[in-house]
*Asks:* 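Handing you a structure now.
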Amino acid sequence: MTDSGAFSDLLAANNEYRRTFTDSGLTGRAGRGLAVITCMDSRIDPLALLGLQRGDAKILRNAGARVTGDVLRTLVLAVYLLGVDRVLVMPHTDCRMASATDSDVHELIAKEHGIDTRSLEFRTVPDQDAALRRDLVRIRTSPYLPPDLAVGGAIYNVHTGGLIPVEV
Ligand SMILES: [Zn+2]
């Protein structure tokens with residue numbers, strides 16, 4: 001690593017971790033056939049909140065839990081190569097991505113850091129419910145994914161730990 005000082009706490013923690021680590025013998029397949037698309041928000045512990053263990057699910061995270069081209073690419077691989085047969089899209093309450101528009105974010109970064117980000121599409125979500133429904137349709141209608149793939153949506157409440165399923 002180029003700047004090990006910035007990561008020394010992590011390397012120390014890993015020394016502890018590997019001391020008691022035992023190889024689970026798991027493969028890279030999703031043990032419970034699940035892929036979860038959620039936000040990068042650090043309050044979300046996807047495995048714990050869904051009662052999952054290491055090896056059970058593919059967890060895909062990005063800003064706002066959006067179904068982007070890269071998420072679709074990853075889902076295609078997860079479905080055909082890694083045993084995924086159900087997909088849960090799980091944005092959350094109090095998401096920074098749902099409290100601003102792309103132009104707000106461009107403006108903020110320009111003002112505070114002097115960087116022009118206007119060539120990036122942040123995919124902010126002015127209407128979280130509508131964005132989630134659009135993203136579910138995006139998976140359901142992808143020509144690369146099988147028609148019998150189970151696709152569901154739910155909003156995770158970061159303050160109560162509860163999941164609110166979205167009916168479509
Ligand atoms: Zn978020």
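Position 1 is the first residue of the sequence, and the numbers go up from there.
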*Asks:* On a heavy-atom basis, which atom in Ala154 and which in Pro91 lie closest, and how many Å separate them?
*Replies:*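 Heavy atoms of Ala154 and Pro91 come nearest at O-CD, 3.3 Å.
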
*Asks:* Does Arg140 have more than 12 heavy atoms from other residues, nucleotides or ligands lying within 6.0 Å of its CZ?
*Replies:*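 Atom CZ in Arg140 is packed in, count exceeds 12.
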
*Asks:* If hydrophobic clusters are built from ILVMFWY residues whose side chains come within less than 4.5 Å, do Leu26 and Leu50 share one?
*Replies:* no

*Asks:* Please round to the nearest 0.5 Å and tell me the distance separating atom CZ of Arg138 and atom OG1 of Thr68.
*Replies:* 7.0 Å

*Asks:* Using modelled atom types only, decide if a donor and an acceptor are shared between the side chain of Arg133 and the backbone of Glu167 within a distance under 3.5 Å.
*Replies:*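 Yes; at least one donor-acceptor contact below 3.5 Å.
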
*Asks:* Is Phe122 reachable from Ile115 through a run of I, L, V, M, F, W or Y residues, each pair having side-chain heavy atoms under 4.5 Å apart?
*Replies:*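 Per the 4.5 Å side-chain linkage, Ile115 and Phe122 are co-clustered.
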
*Asks:* How long is the straight-line distance from CD1 of Ile109 back to CG of Asp104, given to the nearest 0.5 Å?
*Replies:* 11.0 Å

*Asks:* Would Arg32 and Arg86 count as a side-chain contact (heavy atoms from CB on, under 4.5 Å) if you check the C-alpha gap in whole Å, the side-chain angles of each, and the deciding distance to 0.1 Å?
*Replies:* CA-CA 9 Å; Arg32 291 175 61 180; Arg86 50 184 177 152; 3.7 Å; yes

*Asks:* Looking only at heavy atoms, which two atoms of Leu75 and Ala35 are closest? And how far apart?
*Replies:*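 Closest heavy-atom pair between Leu75 and Ala35: CD2-CB, 3.9 Å.
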
*Asks:* Rounded to the nearest 0.5 Å, what's the gap from CD on Glu121 to CG on Asp102? Could you check?
*Replies:*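 Output value for this atom pair is 6.5 Å.
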
*Asks:* For Ala100 versus Val105, what's the shortest heavy-atom pair and its separation?
*Replies:*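 Where Ala100 meets Val105 most closely, the heavy atoms are CB-CG2, 4.1 Å.
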
*Asks:* Nearest 0.5 angstrom please: Lys111 NZ to His106 NE2, how far?
*Replies:*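 Between Lys111 NZ and His106 NE2, I get 16.0 Å after rounding to 0.5 Å.
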
*Asks:* Can any side-chain N or O of Lys58 pair as donor or acceptor with the backbone N or O of Val87 at less than 3.5 Å?
*Replies:* no

*Asks:* With clusters defined by side-chain heavy atoms of hydrophobic residues (ILVMFWY) lying less than 4.5 Å apart, directly or transitively, does Leu132 cluster with Leu34?
*Replies:* no

*Asks:* Please name the pair of heavy atoms, one in Val84 and one in Leu149, separated by the smallest distance, quoted to 0.1 Å.
*Replies:*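 The pair with the smallest heavy-atom distance is O-CD1, 4.3 Å.
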
*Asks:* For the OH atom on Tyr144, are there more than 12 heavy atoms of other groups (residues, nucleotides or ligands in this structure) within a distance under 6.0 Å?
*Replies:*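 Open: at most 12 neighbouring heavy atoms sit under 6.0 Å from OH of Tyr144.
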
*Asks:* Quick one, Asp94 and Arg43 - any side-chain contact, counting heavy atoms below 4.5 Å?
*Replies:* yes

*Asks:* Heavy atoms only: give me the nearest Ile59-Pro46 pair and the separation to one decimal.
*Replies:*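 What the structure gives for the nearest pair is CG2-CG, 3.9 Å.
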
*Asks:* Would you check if the side chain of Ser142 reaches a backbone N or O of Ile139 as a donor-acceptor pair within less than 3.5 Å?
*Replies:* no

*Asks:* Quick one: closest heavy-atom pair of Gly64 and Cys39, and the distance?
*Replies:* N-SG, 3.2 Å

*Asks:* Test salt bridge (Lys or Arg N to Asp or Glu O under 4.0 Å) on Asp70 and Arg73; report intermediate values, then the result.
*Replies:* CA-CA 5 Å; Asp70 195 59; Arg73 173 190 74 89; 2.7 Å; yes

*Asks:* Could you state whether Leu72 and Val36 fall into the same hydrophobic cluster, counting links through intermediate Ile, Leu, Val, Met, Phe, Trp or Tyr residues with side-chain heavy atoms under 4.5 angstrom apart?
*Replies:*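 No; tracing contacts between hydrophobic side chains, which count when under 4.5 Å, never links both residues.
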
*Asks:* To the nearest 0.5 Å, how far apart are CG in Asp56 and CZ in Arg54?
*Replies:* 10.5 Å

*Asks:* Is any side-chain heavy atom of Val71 closer than 4.5 Å to one of Arg66?
*Replies:* no

*Asks:* With rounding to the nearest 0.5 Å, note down the distance linking CD in Gln128 to SG in Cys95.
*Replies:*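 Atom-to-atom, Gln128:CD and Cys95:SG are 6.5 Å apart.
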
*Asks:* Are the side chains of Tyr156 and Thr38 in touch, meaning some heavy atoms are under 4.5 Å apart?
*Replies:*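 No, their side chains stay 4.5 Å or more apart.
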
*Asks:* Membership question, hydrophobic clusters at under 4.5 Å side-chain separation (ILVMFWY): are Val67 and Leu145 in the same one?
*Replies:*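 Yes, same cluster.
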
*Asks:* For the pair Leu163 and Met90, evaluate side-chain contact (heavy atoms from CB on, under 4.5 Å) and give the outcome as yes or no after the intermediate values.
*Replies:* CA-CA 9 Å; Leu163 265 187; Met90 190 177 74; 3.7 Å; yes

